[in-house]
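Below is one structure, written out as structure tokens; the observations come after it.
Each chain gets a letter, A, B and so on, in the order the sequences are listed, and its residues count up from 1. Only heavy atoms go into these numbers, but all of them, side chains included; no hydrogens, no water, no symmetry mates.
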Amino acid sequence: MAQQTERYEDTQLYKVRHSAAHVMAQAVLELFPDGKVTIGPPVENGFYYDFDLPRNLTPEDLQQIEKRMRQIVQGKHEFKKTVISADEARKIFADQPYKLELIEGLEQGGLDEYGNPLDGPPDISIYQHDTFTDLCRGPHVATTKEIKQDAFKLMNVAGAYWRGDEKNKMLQRIYGTAWESKKELEDYLHQLEEAKKRDHRKLGRELEIFIFDDEVGPGLPLWLPNGTVMVDELEALAKEMETNAGYSRVKTPHLTKEDLFIRSGHLPYYAESMYPPMELEGVKYYVKPMNCPMHHKIFSSKGRSYRDLPVRLAEYGTCYRYEKSGELFGLMRVRSMQMNDAHIYCSEEQFEQEFMGVIDLYKKYFDLFGIDKYVMRLSLHGKAGLGKKYVDNERLWVKTEDMVRRAMDNGGVPYVEVIDEAAFYGPKIDVQIWSAIGKEFTLATNQVDFAVPERFDLKFTNREGVDEIPLCIHRAPLSTHERMVGFLLEHYAGNFPVWISPEQVRVISITDAQNDYVEQLAKELRGNGIRASADVSAQRMNAKIRQAQLMKVPYMLVVGDNEMQAGQVSLRVRDGSQQNNIPLAEFVARVKDKIARRAGEL
RNA sequence: GCCACCAUAGCUCAGCUGGUAGAGCAGACGAUUCGUAAUCGUCAGGUCGUCGGGUCGUAGCCGACUGGUGGCUCCA
């Protein structure tokens with residue numbers, strides 16, 4: 001996890017970026033005197049500024065703006081802060097409607113520049129430099145000279161809704177990156193190039209993991225044989241871990257009648273993520289966006305006693321969600337997905353233990369994969385969404401959120417809290433990770449459901465012989481196959497541990513004389529449960545090795561006359577290291593051991 | 001879904017301001033039999049994403065659609 005040294009807001013870099021945003025706004029207004037400015041904060045790696053302009057910006061505009069910025073920056077203009085009254089501010093920004101809206105929010109003490117609530121009315125201040133004045137709380141650098149003219153770059157133009165609300169007007173956002181020195185800028189740009197190389201969409205094609213096909217449809221991945229091996233390995237891992245943790249496995253259909261999703265609350269609260277219904281003989285059917293309603297049916301299929309609890313039902317179920325077209329992103333965001341799903345039905349007393357049991361499961365998985373850059377996020381309901389995004393029972397929301405918070409605190413698990421991010425049926429702990437190109441995703445999730453069990457009349461008989469409604473924990477520590485494999489591709493840059501590598505060993509003959517022998521070796525390896533193939537193509541050994549390296553095969557066995565005669569193999573490991581003339585049995589033992597332990601090292 | 005950009009052979013890409021397609025890799029075939037990241041040669045492969053418009057004529061201009069990319073919104 002990231003350790004905080006100095007708050008970003010207090011750093012020179014933050015001021016440089018914030019100030020660069022102002023300089024950019026000046027340059028844009030010079031180009032569009034009637035343009036309207038909104039907000040322009042620093043962000044990770046840079047800054048942006050949102051504008052409402054009379055026409056769309058072109059890449060040429062961007063170049064021109066950047067060029068003008070370099071001139072302005074060299075002018076050594078001072079950044080001057082002035083605290084003013086709301087009325088004065090309204091005069092200054094009389095022709096800037098977005099600023100007037102911001103002033104309104106500040107004056108009433110209600111809202112900051114993003115529309116988030118504030119504690120009380122803050123000072124209203126402006127910053128001026130050269131010809132540009134912005135409503136701004138700062139801080140900024142002393143003069144524009146501190147923005148190095150060779151240490152920033154405008155990256156791209158993007159659409160962005162005013163105040164992040166899709167009902168509002170779409171503005172034009174210019175993203176820029178800014179650093180304290182040219183070297184830092186160059187390093188950052190280089191880092192972006194490197195990140196692209198491990199983009200799972202690129203690696204997925206190169207390593208033949210998955211494809212998308214226009215005729216099949218967007219967001220509907222086809223798993224190639226190599227990808228299917230990975231999926232199968234993940235599933236085997238999950239089964240093993242879940243069996244040990246006391247789960248039972250179930251299987252449920254991909255389709256159900258409308259009635260089930262009305263009862264579950266999916267149609268009232270979740271319909272816009274669902275595929276539209278298909279109707280036959282007057283009955284509507286939906287493909288499932290989640291497995292829970294069917295698991296609830298399995299729970300209620302017989303009478304349950306407190307002695308049976310907790311009941312843990314697991315299924316790698318395939319779900320379908322209608323993600324909006326612009327939201328799709330390789331394997332990380334798809335429309336058909338196999339979830340590492342399970343539902344745990346338990347009593348309130350059992351809740352903490354079960355909840356933490358799931359967190360433990362996460363940790364085991366994360367250890368196994370060496371995942372250490374993530375944040376656990378406790379997602380809470382938002383008051384405004386009650387009855388719309390969230391089931392309408394604030395008392396239970398607060399109660400359940402407290403239970404989760406207490407469990408996490410007691411377990412000593414660090415997390416951050418976020419308002420208005422919960423599932424419709426309850427709060428959740430999400431594990432946030434980042435893709436190679438910096439997009440944030442929820443990998444694993446652990447959700448508490450205090451609402452739906454009641455809608456399904458779920459009950460168990462407690463010690464007193466009285467019916468009680470169980471709590472339900474929805475959890476997906478391995479996420480979905482799609483997102484997990486996408487993540488692992490980037491996490492390992494395609495250099496997978498042996499156990500999950502699609503091809504574990506490639507046996508390479510040096511000349512045709514060894515072809516029969518290497519085929520036989522590969523067969524023997526397969527007999528030992530190792531995924532191996534023989535390369536008996538007419539290419540030279542060097543070319544065969546190169547191809548195996550490009551496919552990131554962990555072990556290459558090179559076999560010439562020497563090895564054939566001695567009944568040995570020469571091992572080339574993916575990292576380039578070599579070990580000549582080792583007995584086959586020794587190599588087999590080594591590989592079997594790595595696989596059995598799911599070892600990270602080769 | 002919204003804003004912008006992009007779409008040429010299986011893959012990666014070239015094709016100047018419109019005169020009707022080209023390379024490397026992959027593939028097939030042939031030669032080569034080689035010691036740790038590319039042996040050589042030959043051949044084959046594209047109604048230039050789709051549909052419509054403009055033009056004497058376009059892969060290159062205009063429009064719509066489809067798909068992708070960068071964001072926004074949303075999410076496992």
Requested in this report: Quickly, which of F366(A), Y365(A), Y362(A) forms a ring-ring contact (aromatic ring centres under 6.0 Å, His included) with Y374(A)? Name it, please.
Outcome: F366(A)

Query raised in the report: According to the Watson-Crick and G-U wobble definitions, with both distances under 3.5 Å, which nucleotide is paired to G70(B)?
Result: C3(B)

Query raised in the report: Quick one: is Y48(A) getting a side-chain N or O under 4.0 Å of the C72(B) phosphate, OP1 or OP2?
Result: no

Requested in this report: Please measure how far the P atom in G57(B) lies from the corresponding atom in U20(B), and state the result in whole Å.
Outcome: 15 Å

Report task. Could you work out the separation of C48(B) and G15(B) based on their C1' atoms and round it to a whole Å? Result -> 11 Å

Requested in this report: For U20(B), give its Watson-Crick or G-U wobble partner with both distances under 3.5 Å, or none.
Outcome: none

**Report entry** Rounded distance in Å - NE2 (H343(A)) to P (A76(B))
**Finding:** 12 Å

Query raised in the report: Mind checking whether Y286(A) and H266(A) have ring centres under 6.0 Å apart?
Result: no

Review item, side-chain donor-acceptor pairs of residues 201-211 of chain A, under 3.5 Å, at least two apart:
unit_1	atom_1	unit_2	atom_2	d
R201(A)	NE	D199(A)	OD1	3.0
R201(A)	NE	D199(A)	OD2	3.3
R201(A)	NH2	D199(A)	OD2	2.6
K202(A)	NZ	E206(A)	OE2	2.9

Query - Nearest-Å distance once atom C1' is located in both A9(B) and A14(B) - result: 13 Å

Please list, pair by pair, any protein nitrogen or oxygen found under 3.5 Å from a nitrogen or oxygen in nucleotides 47-50 of chain B.
none

Query raised in the report: A476(A) near the nucleic acid: base, sugar-phosphate alone, or nothing, with a heavy-atom cut-off under 4.0 Å?
Result: nothing

Query raised in the report: Between the base of C75(B) and the side chain of R321(A), is there a donor-acceptor distance below 3.5 Å?
Result: no

Requested in this report: Answer with base, sugar-phosphate or nothing: what part of the nucleic acid does K389(A) contact at a heavy-atom distance below 4.0 Å?
Outcome: nothing

Query - Charged N-O contact under 4.0 Å between K428(A) and D430(A) - result: yes

Report task. Classify every nucleotide of nucleotides 29-36 of chain B by which part a protein heavy atom approaches to under 4.0 Å, writing B for the base, S for the sugar-phosphate alone and - for neither, in 5'-to-3' order. Result -> ---BBBBB

Query raised in the report: In this structure, which one of M294(A), R249(A), H295(A), Q338(A) forms a side chain to side chain contact (heavy atoms under 4.5 Å, CB included) with E315(A)?
Result: H295(A)

Query raised in the report: Y320(A) ring centre to R335(A) NZ or CZ under 6.0 Å, with the angle to the axis within 45°?
Result: no

Report task. Quick one: look up who C65(B) pairs with, Watson-Crick or G-U, both distances under 3.5 Å, and put none if it's unpaired. Result -> G49(B)

Report task. Return the value, rounded to whole Å, for the distance between atom CE of M155(A) and atom P of U69(B). Result -> 18 Å

Query - Contact nearer the 5' end of RNA chain B, comparing F329(A) with P218(A) - result: P218(A)

**Report entry** ring pair (Phe, Tyr, Trp, His ring centres under 6.0 Å) partners for Y247(A), two or more places apart
**Finding:** none

Report task. Could you tell me the separation between the CZ atom of R546(A) and the P atom of C25(B), rounded to a whole number of Å? Result -> 10 Å

Query raised in the report: Over how many whole Å does the gap from W162(A) atom CH2 to U73(B) atom C1' extend?
Result: 16 Å

Query raised in the report: With rounding to whole Å, what would you report as the distance between U8(B) and G46(B) at their C1' atoms?
Result: 8 Å

Query raised in the report: Looking only at atom P, what distance separates C6(B) and A23(B), rounded to whole Å?
Result: 27 Å

Requested in this report: Mind calculating the distance between CG (L328(A)) and P (C72(B)) to the nearest angstrom?
Outcome: 16 Å

**Report entry** Identified pairing partner of G41(B), criterion: Watson-Crick or G-U wobble below 3.5 Å
**Finding:** C29(B)

Requested in this report: For nucleotides A59(B) and C16(B), find the distance between their C1' atoms and express it as a whole number of Å.
Outcome: 14 Å

Query raised in the report: On a whole-Å scale, what distance lies between the P atoms belonging to C72(B) and A26(B)?
Result: 40 Å

Query - Ring-ring centroid check Y49(A) F47(A), cutoff 6.0 Å - result: no

Query - Partner residues of Y492(A) under the side-chain hydrogen bond (donor to acceptor under 3.5 Å, both in side chains) criterion, sequence neighbours left out - result: none

**Report entry** Under 3.5 Å on both distances, the Watson-Crick or G-U partner of G35(B)
**Finding:** none

Report task. Round to the nearest Å and state the distance from E315(A) atom CD to A76(B) atom P. Result -> 18 Å

Requested in this report: Please step through side chain to side chain contact (heavy atoms under 4.5 Å, CB included) for the pair M230(A) and W223(A), ending with a clear verdict.
Outcome: CA-CA 10 Å; M230(A) 297 185 68; W223(A) 289 105; over 6 Å; no

Query raised in the report: Strictly by modelled atom types, are Q539(A) and Q547(A) linked by a side-chain donor-acceptor pair under 3.5 Å?
Result: yes

Requested in this report: Hey, could you give me the CZ/CD1 distance between R590(A) and I582(A), rounded to the nearest 0.5 Å?
Outcome: 7.0 Å

Report task. Write down the distance between CE (M551(A)) and C1' (A26(B)), rounded to a whole number of angstrom. Result -> 12 Å

Query raised in the report: Are F369(A) and F487(A) close enough that their ring centers fall under 6.0 Å?
Result: no

Requested in this report: Can you check whether any acceptor in the base of A76(B) is under 3.5 Å from a donor in the side chain of S479(A), or vice versa?
Outcome: no

Report task. Would you mind classifying the nucleic acid contact of K428(A) as base, sugar-phosphate or nothing, using non-hydrogen atoms under 4.0 angstrom? Result -> sugar-phosphate

Requested in this report: Mind checking F212(A) for me? I need base, sugar-phosphate or nothing, with any heavy atom below 4.0 Å counting as a touch.
Outcome: nothing

Report summary line: Going 5' to 3' through nucleotides 1-14 of chain B and flagging B where a protein heavy-atom sits under 4.0 Å of the base, S where only the sugar-phosphate is that close, and - otherwise, we get BBBS------S---

Query - Closest to the R201(A) side chain, choosing from A37(B), A76(B), G70(B) - result: G70(B)

Query raised in the report: Centres of the F441(A) and F329(A) rings: under 6.0 Å?
Result: yes

